[in-house]
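We use all heavy atoms of the structure for the numbers below, so side chains are in, but hydrogens, waters and symmetry mates are not. Residue numbers count from 1 along this sequence. Because the structure is predicted, anything quoted here is derived from the model rather than measured.
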Amino acid sequence: MNSLPVLAAETDEACCAPSAMPALGAEEALEKALVFKALSDPNRLRLLSMVKAEAAGESCVCDLTGPLDLGQPTVSHHLKILVDAGLLHREKRGTWAYYSLVPGALEKTAGLLAAL
């Protein structure tokens with residue numbers, strides 16, 4: 001049996017030295033991932049665009065179920081994820097909830113990748 005020669009590892013430490021600190025901290029990465037995760041669902045993207053397109057600047061959850069052909073609990077779940085990601089604001093009025101865009105949220109979201 002023939003053995004292969006073993007090559008010595010190069011010891012150029014300047015090339016392989018780990019950086020002292022990651023460019024993106026763990027907490028900041030988690031916050032950004034929350035937004036990206038919220039936007040990764042087609043129904044949530046549609047909901048966001050529907051709320052944005054509303055002339056009144058807000059939409060009642062009762063008006064959002066029909067266009068998506070989803071039940072109210074499912075739509076409310078998706079809206080909660082968008083609220084938790086900081087994209088929508090929720091205001092309770094009686095038995096209904098109204099949703100509006102958080103001012104500057106879309107601009108902030110657009111800059112997330114650029115800020116990496």
How long is the gap from NZ on Lys80 to CG on Leu88, to the nearest 0.5 Å?
12.5 Å
Minimum side-chain heavy-atom gap Leu70-Thr65 below 4.5 Å
no
Residue pairs passing the salt bridge (Lys or Arg N to Asp or Glu O under 4.0 Å) test where at least one lies in residues 38-52, sequence neighbours excluded:
none
Measure the spacing between SG of Cys62 and OH of Tyr98 and express it to the nearest 0.5 Å.
6.0 Å
Linking I/L/V/M/F/W/Y whenever any side-chain heavy atoms sit under 4.5 Å apart, do Leu64 and Ile81 land together?
no
I'd like to know if the side chain of Thr109 reaches the main chain of Ala105, judged simply by a donor and an acceptor atom lying under 3.5 Å from each other, with no hydrogens or angles considered.
yes
Under a 4.5 Å side-chain heavy-atom rule over Ile, Leu, Val, Met, Phe, Trp and Tyr, are Leu24 and Leu30 clustered together?
no
Does the pair Tyr99 and Val83 meet the rule for a side-chain contact (heavy atoms from CB on, under 4.5 Å), with working shown?
CA-CA 9 Å; Tyr99 294 85; Val83 168; 3.8 Å; yes
Flag the pair Leu112 / Val35 as yes when at least one side-chain heavy-atom distance between them is below 4.5 Å, and no otherwise.
yes
Roughly how far apart are Leu48 CG and Leu101 CG, rounded to 0.5 Å?
5.5 Å
Taking C-beta and beyond as the side chain, do Glu54 and Met50 meet within less than 4.5 Å on heavy atoms?
no
Residue pairs, two or more places apart or on separate chains, that pass salt bridge (Lys or Arg N to Asp or Glu O under 4.0 Å) and touch residues 88-107
Glu58-Arg93, Glu91-Arg93
If we ignore hydrogens and angles and just use 3.5 Å, is the side chain of Ser76 paired with the main-chain N or O of Pro73 as donor and acceptor?
no
Might you point out which heavy atoms bring Gly57 and Ser100 nearest each other, and give the distance in Å?
O-CB, 3.2 Å
Hydrophobic clustering (ILVMFWY, side-chain heavy atoms < 4.5 Å, transitive) - are Leu87 and Leu34 grouped together?
no
Hydrophobic cluster identity match, Leu82 and Val102, side-chain contacts under 4.5 Å
no
